[in-house]
Amino acid sequence: MLDSLNVFEEKSAKAVSSGAVNDPETVRTHAYELAFASVDEMFHSTMYDWLIERGLADELLEVRDFL
């Protein structure tokens, strides 16, 4: 799952810079919604650590929007 989120991050950044996708942020947001919807506590712990390591701690603050 984290590899998939990483791919969404990369593709979203490339699409924005090239103008290839109308709304890459929608795709990225949906990927995070699916990840945050998981009921697996171990996955959430791993995902939170992953987000912090990548400097994406703001995503954790946005979790409240998904719950």
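- Interatomic distance, Asp49 CG to His44 NE2, rounded to the nearest 0.5 Å: 13.0 Å.
- Heavy atoms only, all atoms of each residue included: Phe43 and Ala35 are closest at CE2-O, 3.4 Å.
- Note that CG of Asp58 and CD1 of Ile52 are 11.0 Å apart. Values are rounded to the nearest 0.5 Å.
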